[in-house]
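Okay, structure first, notes after.
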Amino acid sequence: MADTAIALLTKDESGNVQNPYKVLPTLGEIEDVIIERLAKDGELTNDQLTQLIGSSQDEDDGGFEEDTKINNGGLPLVVYRYLQTFPHDGTTAGGVRVETIREALLRYCELDTMAMVLIWEYFTHECGIIS
């Protein structure tokens with residue numbers, strides 16, 4: 001929950017707190033981190049992994065662009081359904097694509113869960129259940 005707590009407190013240049021759903025990372029940002037991790041642990045370099053993923057992206061991405069953010073109620077449902085039917089053949093490109101989408105969904109769900117906890121805390125306080 002540490003990433004979400006940071007996202008809840010992100011401020012813009014004027015010092016205003018930003019909408020935490022707007023500061024969730026894009027699929028491209030998440031994928032970059034996953035590529036770096038794989039390059040560090042594996043046999044392929046960042047450039048080789050990026051090229052491999054780029055060459056398979058047309059057939060694998062299901063229309064989700066690098067700048068897509070999973071940050072609204074409808075898109076996670078579509079993306080989750082897509083993830084279930086993903087043509088994962090065990091290749092590095094497919095594995096990175098699956099991990100990228102999985103990570104994006106987890107971050108969105110984490111933020112949604114935090115929002116529900118905040119709402120629950122508010123109402124339990126207002127109703128006098130917790131002081």
Side-chain angles (χ1 to χ4, degrees):
M1 293 271 241
D3 290 340
T4 302
I6 292 169
L8 289 171
L9 300 175
T10 303
K11 297 183 178 184
D12 62 16
E13 302 82 36
S14 305
N16 299 321
V17 175
Q18 292 182 302
N19 179 337
Y21 289 95
K22 300 296 182 192
V23 296
L24 285 170
T26 65
L27 291 179
E29 292 166 336
I30 293 171
E31 192 165 87
D32 289 344
V33 171
I34 292 169
I35 288 172
E36 286 179 27
R37 184 176 41 196
L38 287 173
K40 190 185 300 184
D41 297 337
E43 298 175 7
L44 299 175
T45 66
N46 282 17
D47 292 338
Q48 290 170 322
L49 283 166
T50 302
Q51 184 177 16
L52 178 63
I53 292 164
S55 65
S56 68
Q57 189 169 8
D58 294 337
E59 62 195 45
D60 289 344
D61 72 0
F64 303 115
E65 302 292 329
E66 272 192 10
D67 61 350
T68 299
K69 286 188 178 193
I70 298 178
N71 64 357
N72 67 58
L75 186 57
L77 296 172
V78 173
V79 173
Y80 180 72
R81 179 67 181 132
Y82 167 72
L83 189 59
Q84 291 177 324
T85 61
F86 188 82
H88 180 56
D89 61 359
T91 65
T92 302
V96 169
R97 184 73 53 209
V98 168
E99 183 62 24
T100 298
I101 293 171
R102 181 183 167 281
E103 180 68 26
L105 286 169
L106 286 173
R107 289 183 184 207
Y108 175 80
C109 291
E110 183 179 48
L111 187 56
D112 257 10
T113 301
M114 178 61 82
M116 287 186 275
V117 168
L118 293 173
I119 291 168
W120 178 83
E121 286 179 346
Y122 171 81
F123 282 111
T124 55
H125 178 73
E126 289 298 307
C127 294
I129 297 170
I130 297 176
S131 53

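Being a predicted model, the structure only gives us computed values, none of them experimental.
With sequence neighbours excluded, the residues that form a ring-ring contact (aromatic ring centres under 6.0 Å, His included) with Y21 are Y108. Every residue two or more places apart in sequence or in another chain that forms a side chain to side chain contact (heavy atoms under 4.5 Å, CB included) with E36 is listed here: N46. Scanning for side chain to side chain donor-acceptor pair (under 3.5 Å) contacts around E121 gives an empty result, with sequence neighbours left out. The side chain to side chain contact (heavy atoms under 4.5 Å, CB included) search around D67 returns E65, not counting sequence neighbours. Checked against salt bridge (charged side-chain N to carboxylate O under 4.0 Å, His left out), R37 has no partners two or more places apart in sequence or in another chain. For the side chain to side chain contact (heavy atoms under 4.5 Å, CB included) test, residues two or more places apart in sequence or in another chain that qualify with L105 are I70, P76, V79, Y80, L83, I101. Taking the side chain to side chain contact (heavy atoms under 4.5 Å, CB included) definition, one finds that D12 meets it with S14, N16, Q18, sequence neighbours left out.
Of all heavy-atom pairs spanning A104 and L27, the tightest one is CB-CD2, 3.6 Å. Listed here is the closest heavy atom pair of L75 and K69: CD2-O, 3.3 Å.
Note: the hydrophobic cluster containing I129 does not contain Y122 (ILVMFWY, side chain heavy atoms under 4.5 Å, direct or indirect links). Residues F123 and M114 are members of separate hydrophobic clusters, defined by side-chain heavy-atom contacts under 4.5 angstrom among Ile, Leu, Val, Met, Phe, Trp and Tyr. The hydrophobic cluster containing L38 also contains L44, counting ILVMFWY residues as joined when their side-chain heavy atoms lie under 4.5 angstrom apart, directly or transitively. By the rule that hydrophobic residues join a cluster once side-chain heavy atoms approach within less than 4.5 Å of another member, V23 and V33 end up as members of separate clusters.
In this structure, the side chains of E31 and R97 come closer than 4.5 Å at one or more pairs of heavy atoms.
One finds no salt bridge joining R107 and E110 here, because no Lys/Arg side-chain nitrogen approaches an Asp/Glu carboxylate oxygen to under 4.0 Å.
The distance from atom CD1 of I30 to atom CD of E103, rounded to the nearest 0.5 Å, is 5.5 Å. Here the straight-line distance linking atom OG1 of T113 with atom CG of L118 works out to 11.0 Å at 0.5 Å rounding. Rounding to the nearest 0.5 Å places CG of L49 at 6.0 Å from CD1 of I35. Separating the CG atom in N71 from the CG atom in D112 is a distance of 10.5 Å, to the nearest 0.5 Å.
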